[in-house]
Amino acid sequence: MLDIRFIREHPDVVKEGIRKKGEVDMIDKVLELDASLRALIQKGEALKNRRNTVSEEIGKQKRDGKDAAAPIKEMEAVKNEIKSIDEELRRVEVTLNKLLLAVPNIPHPSVPVGTKPTDNKEISKWGEKPVIDFKARTHWELIDKLGIVDFDRGARITGAGFPVYKDRGAKLQRALINFFLDEAVARGYRELQPPLMVNATSATGTGQLPDKEDLMYTIPKDDLYLIPTAEVPVTNYHRDELLAEQDLPLKYCAYTPCFRREAGSYGKDVRGLNRLHQFDKVELVKFVHPGVSYNELESLRADAELLLQKLGLPYRVLLMCTGDMGFTQAKKYDLEVWAIGQERWLEVSSISNFEAFQARRINVRMRPRGSGKPEFVHTLNGSALALPRVVAALLENYQTPEGKVVIPKALHKYTGFEVIG
RNA sequence: GGAGAGGUGGGUGAGUGGCUGAAACCAACGGUUUGCUAAACCGUCGUACGGGGUAAACCUGUACCGAGAGUUCAAAUCUCUCCCUCUCCGCCA
């Protein structure tokens, strides 16, 4: 959510930002509602002022034993007027709020303007694509051969996109989760284990609701949502809190399964582990001072990149263009890892600065040192990392001519084995 | 799921219809003292949205004591509904 005052004072900047993201511009309507809301507030407040003054008078007169019938009569009329203005005000407020929740975050000036994947800017690359003298298998071919993930039985148990990991496949998952968490904790992130279901308020706070409801699995009977990412519960961890400036930045990491409906996906995108309805991820979340959020974004990116480096997986960093960014983000990087079997880049991390967009929705502020007024913090998050595609890249890039897979050294102490197959 | 107790400012916690935006304490912040630290003492100290002020200061209005509705001229305070927390019982991994 954007600051209504900012919208009021810089409508053109906001409209430009919305246009760049390719979203619907409802700013004129917002301004119109805002103006009538403020008119109603002023009218109502004048009447309430009258009510308060006269009521005080009545109290005084009664204490003095005087008759107060006349002012009481007057106040009955005022009371009704206040009530009808409040009702109208409420209606306008609800409409305005609904609209404001649907206004996207505006992109940072450094974000390239564009709508297509080719408008994303590659800003760096790490590692060399492996060179091999045999035909590389895809990870689903390797999985089939090694028997470490069972898609068919998963589909029988639940449905497509819910694989069962087994034997060394299961152990590899567990190893990666532990590796990612240990690395995060070593870099100053506090480990949280949050709920896997959230209520509607939390989902609205991070921006999944109202517009992305179809992304999530819902539990209608209890009015809950399965989390699509740990971002949702972890960012809401400090909802409605006033933080102390000296406690910032607050850095958290959390491992959770993630649940996504992914309606409408098809083709090679969904082969094997490329896109699942349930997958594991370690997420990093930061609450930071608004003045330093772009530095924090870079260090968050570095934290995620380090994992890929330790795993020896070649990757590239993309600065996402305005059209490829989500509704809530001001700036976003994607990390994409090279998978030799599929000969394509796989997104394994998405690292974003939301500025105050989420903080305003979830009402997380910090009190500046000294006597300043509370300010909204900035929130950021990044995957570090999403497991299935890391597994996919690991299998494909570290395969041997015989179809075995060598485990990178950084994982040995977590897996307890050095090769699969 | 059943019974009971409770939800007040950054925190603890007073407050049962008008003089309460809210005592007191703690924390925080500013200062005095001190060789430094600590302690002690003095002072400041809720948030949001308006209006005034060139503006910081400051003055002023309204709202907010879990959420919503109601009673009343007037609600933190009375009534109802809902949410949450705690205790006991039941069920259960």
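Atoms considered below: every heavy atom in the structure, side chains included; atoms not considered: hydrogens, waters and symmetry mates. So that the names make sense, note that chain A is the first sequence line, chain B the second, and so on, each numbered from 1.
Within the 4.0 angstrom heavy-atom criterion, only backbone atoms of the sugar-phosphate kind lie near Arg8(A); the bases stay farther away. Among the atoms of the strands shown, none is found under 4.0 Å from any heavy atom of Arg50(A).
For Arg51(A) and rA63(B), the shortest distance from a side-chain N or O to OP1 or OP2 is below 4.0 Å. One finds no side-chain N or O of Arg367(A) lying less than 4.0 angstrom from the OP1 or OP2 phosphate oxygen of rG11(B).
We find that CG of Leu47(A) is positioned 13 Å from P of rA74(B), with the value rounded to whole Å. The CD atom of Glu81(A) sits 16 Å away from the P atom of rC73(B) (whole-angstrom rounding). Across the protein-nucleic acid pair, Met75(A) atom CE and rU72(B) atom P stand 15 Å apart, rounded to whole Å. Distance CG (Asp247(A)) to P (rG11(B)): 14 Å, rounded to an integer number of Å. Atoms CG (Leu242(A)) and C1' (rA48(B)) sit 13 Å apart, rounded to a whole Å. With rounding to whole Å, Glu245(A) atom CD is found 13 Å from rC29(B) atom C1'. rU47(B) atom C1' lies 16 Å from atom CE of Met366(A), rounded to whole Å. To the nearest angstrom, C1' of rU62(B) lies 13 Å from CG of Leu37(A).
Between the P atoms of rC45(B) and rG6(B), the separation comes to 33 Å (whole Å). The separation of rC92(B) from rU77(B), taken at their P atoms, amounts to 42 Å, rounded to a whole angstrom. Nucleotides rU47(B) and rA57(B) place their P atoms 13 Å apart, quoted to the nearest Å. Taking atom C1' in both rA75(B) and rU79(B), one finds a spacing of 12 Å when rounded to whole Å. The C1' atoms of rA69(B) and rU87(B) are separated by 30 Å, rounded to the nearest whole Å. Atom C1' of rC64(B) sits at a distance of 14 Å from the matching atom of rG68(B), rounded to the whole Å. Using atom P as the reference point in both rG53(B) and rU60(B), the two lie 16 Å apart (nearest Å). Nucleotides rC83(B) and rG13(B) have their C1' atoms positioned 23 Å apart, rounded to a whole Å.
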Would Val113(A) and Asp119(A) count as a side-chain contact (heavy atoms from CB on, under 4.5 Å) if you check the C-alpha gap in whole Å, the side-chain angles of each, and the deciding distance to 0.1 Å? CA-CA 7 Å; Val113(A) 178; Asp119(A) 293 325; over 6 Å; no

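Listed candidates were rU47(B), rG18(B), rG51(B). Nearest to the side chain of Arg365(A) is rU47(B). Considering only side-chain atoms of Lys48(A), the nucleotide from rC49(B), rU62(B), rU47(B) that sits closest is rU62(B). Which of rA48(B), rA63(B), rC73(B) sits closest to the side chain of Ile72(A) comes down to rC73(B). Nearest nucleotide to the side chain of Gln42(A), out of rC49(B), rG51(B), rA48(B): rG51(B). In this structure, the nucleotide among rU62(B), rA74(B), rG46(B) sitting nearest to the side chain of Lys79(A) is rA74(B).
The pair Arg90(A)-Glu87(A) does not count as a salt bridge, with every side-chain nitrogen at least 4.0 angstrom from each carboxylate oxygen. Taking the charged nitrogens against the carboxylate oxygens, Asp150(A) and Arg156(A) have no contact shorter than 4.0 Å, which rules out a salt bridge.
Donor-acceptor pairing under 3.5 Å is lacking for the side chains of Asn52(A) and Ser55(A). With no hydrogens or angles considered, a side-chain donor-acceptor pair links Asn236(A) and Arg239(A) at under 3.5 Å. Side-chain contact of Tyr217(A) with His277(A): a donor-acceptor pair under 3.5 Å is present, judged by distance alone. Between the side chains of Glu283(A) and Tyr189(A), no donor-acceptor pair of N or O atoms lies under 3.5 Å. For the 3.5 Å distance criterion, the side chains of Tyr315(A) and Glu347(A) fail to qualify, holding no donor opposite an acceptor.
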Protein within reach of the bases, or only the backbone? For nucleotides 52-61 of chain B, mark each nucleotide 5' to 3' as B, S or -, using heavy atoms under 4.0 Å. ---------B

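Residue Ile4(A) is the one, among Ile4(A) and Glu76(A), whose nearest nucleotide of RNA chain B lies closer to the 5' end (criterion: closest heavy atom). Looking at which nucleotide of RNA chain B each of Gln246(A) and Thr53(A) is closest to, the 5′-most match is held by Gln246(A).
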Watson-Crick and G-U pairing of RNA chain B, under 3.5 Å, as dot-bracket with | and [ ]: (((((((..(((.....[.....))).(((((.......))))).(((((((.....))))))).(((((..]....))))))))))))....

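If you run side chain to side chain contact (heavy atoms under 4.5 Å, CB included) between Leu2(A) and each of Val30(A), Ile106(A), Leu100(A), only Ile106(A) comes through. Under the side-chain hydrogen bond (donor to acceptor under 3.5 Å, both in side chains) test applied with Asn381(A), the options Glu231(A), Lys286(A), Gln358(A) reduce to a single match, Glu231(A).
When all heavy atoms are compared, the tightest approach of Thr115(A) to Cys321(A) is N-SG, 4.0 Å.
Contacts between residues 83-101 of chain A and RNA chain B, counted as heavy-atom distances below 4.0 Å, involve Lys83(A).
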Which donor-acceptor pairs under 3.5 Å do the side chains of residues 165-174 of chain A make with protein atoms, sequence neighbours left out?
from      : atom 1 : to        : atom 2 : distance (Å)
Arg168(A) : NH1    : Val419(A) : O      : 2.7
Lys171(A) : NZ     : Thr415(A) : O      : 3.0
Gln173(A) : NE2    : Asp280(A) : OD2    : 3.0

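Val288(A) has its side chain out of reach of Leu248(A): every pair of non-hydrogen atoms, C-beta onward, lies at least 4.5 Å apart.
Considering only residues two or more places apart in sequence or on other chains, Arg360(A) meets the side chain to side chain donor-acceptor pair (under 3.5 Å) condition with none of them.
Ring pair Phe357(A)/Phe327(A) is perpendicular by interplanar angle, where above 60° counts as perpendicular and below 30° as parallel. Between Phe287(A) and His238(A), the ring planes lie perpendicular to each other; the angle is over 60°, past the 30° to 60° tilted range.
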Could I get a table of every N or O pair under 3.5 Å where one atom is in the protein and the other is in nucleotides 19-22 of chain B?
none

